[in-house]
Peer 1: 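Take this structure first; my questions come after.
In the text below, chain A, chain B and the rest are named by the order of the sequence lines, each starting its count at 1.
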Amino acid sequence: MAVAEIVGGLKLGQTVPDFEPLETYEPTKGDFGKFSLKDQLANKRWTILFFYPADFTFV
Amino acid sequence: MGADIVTVSTDTKFVHLAWQQNEKELAQVKYPMAADPTGKVSRLFGVYDEATGLALRGTFIINPKGELINAEVNFYNLGRNIDELMRKFKANLYMTRKQNEVCPSKWRDEGDKTLVDPGAKMVGKVHEALTG
């Protein structure tokens with residue numbers, strides 16, 4: 001399923017469509033990087049995505 | 001089996017850097033902080049608020065096959081409980097190994113009571129199964 005076809009969010013049990021890797025800041029390296037879901041799956045890793053409204057606020 | 005936590009907001013990676021380096025609460029942060037300034041990924045998970053351009057407090061667990069197996073969304077004003085997130089994650093790991101078991105609400109960690117093969121026999125007898 002293409003990202004554009006999903007309206008109102010994914011449902012449980014659905015396969016998450018691959019999305020363009022996100023740019024990241026990586027505190028352990030003090031450097032920028034990328035997060036790719038495809039790489040996570042290739043490495044057989046579980047992923048927890050933790051969304052929040054804005055930096056400089058509480059979590 | 002390992003897991004990676006990635007935080008996501010609609011701020012840019014530059015703001016993530018500035019926040020992490022200035023906020024003492026974040027001094028020990030080990031996870032990557034991802035930037036979704038277009039809101040594309042936030043929309044995919046249904047947490048993007050078109051009115052504000054911000055993402056709601058959504059937590060999503062994706063298994064190694066790429067399937068979304070857990071979702072929790074809190075509104076702006078309610079923080080999340082990390083113990084509950086870890087409970088859900090551990091339960092999902094456990095149930096991936098033990099596919100005929102389910103984790104009831106009081107399950108916290110490996111060794112706690114699960115329900116095995118919940119089927120017709122258990123109808124009306126959940127209390128006995130939980131306490132037996």
Peer 1: Within this structure, what is the CD-NZ distance for the pair E26(A) and K13(B), rounded to the nearest 0.5 Å?
Peer 2: 10.5 Å
Peer 1: Among F35(A), Y25(A), F50(A), find the one that has a side-chain contact (heavy atoms from CB on, under 4.5 Å) with M33(B).
Peer 2: Y25(A)
Peer 1: State, to 0.1 Å, how close R80(B) and F51(A) come at their nearest heavy-atom pair, and which atoms those are.
Peer 2: NH2-O, 2.7 Å
Peer 1: Counting heavy-atom pairs under 4.5 Å to chain A, which of A55(B), S42(B), G53(B) comes out on top?
Peer 2: A55(B)
Peer 1: Please give me the minimum heavy-atom distance between I48(A) and I61(B), naming the atom from each residue.
Peer 2: CG1-CG1, 4.3 Å
Peer 1: Which answer fits E23(A), side chain, backbone, both or neither, if we ask what part of it has an atom under 4.5 Å from a heavy atom of chain B?
Peer 2: both
Peer 1: Is it true that L93(B) and V102(B) fall in one hydrophobic cluster, defined by side-chain heavy atoms closer than 4.5 Å?
Peer 2: no
Peer 1: Using heavy-atom distances under 4.5 Å, tell me whether Y48(B) contacts chain A through its side chain, its backbone, both, or neither.
Peer 2: neither
Peer 1: Before you tell me yes or no, could you show the steps for L49(A) and V6(B) under side chain to side chain contact (heavy atoms under 4.5 Å, CB included), namely the whole-Å CA-CA distance, both residues' side-chain angles and the distance that decides it to 0.1 Å?
Peer 2: CA-CA 5 Å; L49(A) 290 181; V6(B) 182; 4.1 Å; yes
Peer 1: Mind checking whether Y52(A) and H16(B) have parallel, tilted or perpendicular rings, split at 30° and 60°?
Peer 2: tilted
Peer 1: Do you know which of P37(B), A18(B), A34(B) has the most heavy-atom pairs with chain A at a distance under 4.5 angstrom?
Peer 2: A34(B)
Peer 1: Quick check: closest heavy atoms across P64(B) and L41(A), and the distance to 0.1 Å?
Peer 2: O-CD2, 3.4 Å
Peer 1: Can you confirm whether D11(B) sits close enough to F56(A) that some side-chain heavy atom of one is under 4.5 Å from a side-chain heavy atom of the other?
Peer 2: no
Peer 1: Given side chains that start at C-beta, do those of R57(B) and P53(A) come closer than 4.5 Å, heavy atoms only?
Peer 2: yes
Peer 1: Before you tell me yes or no, could you show the steps for F32(A) and L17(B) under side chain to side chain contact (heavy atoms under 4.5 Å, CB included), namely the whole-Å CA-CA distance, both residues' side-chain angles and the distance that decides it to 0.1 Å?
Peer 2: CA-CA 9 Å; F32(A) 297 127; L17(B) 182 157; 3.9 Å; yes
Peer 1: At a 4.5 Å cut-off on heavy atoms, which part of N74(B) comes close to chain A: side chain, backbone, both, or neither?
Peer 2: neither
Peer 1: In terms of hydrophobic clusters joined by side-chain contacts under 4.5 Å, are F60(B) and M95(B) together?
Peer 2: no
Peer 1: Name the region of E23(B), side chain, backbone, both or neither, that has any atom closer than 4.5 Å to a heavy atom of chain A.
Peer 2: neither
Peer 1: Relative to chain A, which of T10(B), D4(B), L56(B) shows the most heavy atom pairs under 4.5 Å?
Peer 2: D4(B)
Peer 1: Atom OG1 in T15(A), atom CG in N63(B): separation rounded to 0.5 Å?
Peer 2: 8.5 Å
Peer 1: Dump the intermediate steps for side chain to side chain contact (heavy atoms under 4.5 Å, CB included) on Y76(B) and T57(A), then the final yes or no.
Peer 2: CA-CA 10 Å; Y76(B) 293 107; T57(A) 67; over 6 Å; no
Peer 1: Transitively linked via ILVMFWY side-chain contacts under 4.5 Å: F14(B) with W19(B)?
Peer 2: yes
Peer 1: On a heavy-atom basis, which atom in D55(A) and which in T12(B) lie closest, and how many Å separate them?
Peer 2: OD2-O, 4.5 Å
Peer 1: How long is the gap from CZ on F19(A) to CG on D36(B), to the nearest 0.5 Å?
Peer 2: 8.5 Å
Peer 1: Check whether more than 12 heavy atoms from other residues, nucleotides or ligands sit under 6.0 Å from atom NZ of K65(B), and answer yes or no.
Peer 2: no
Peer 1: Checking heavy atoms, do the side chain of Q21(B), its backbone, both or neither come under 4.5 Å from chain A?
Peer 2: side chain
Peer 1: Quick check: closest heavy atoms across V29(B) and P27(A), and the distance to 0.1 Å?
Peer 2: O-CB, 3.4 Å
Peer 1: Report yes or no: do V116(B) and Y94(B) belong to one cluster of Ile/Leu/Val/Met/Phe/Trp/Tyr joined by side chain heavy-atom distances under 4.5 Å?
Peer 2: no
Peer 1: Indicate if W46(A) and I82(B) have the same hydrophobic cluster label, given that clusters are the connected sets of ILVMFWY residues with side-chain heavy-atom separations under 4.5 angstrom.
Peer 2: yes
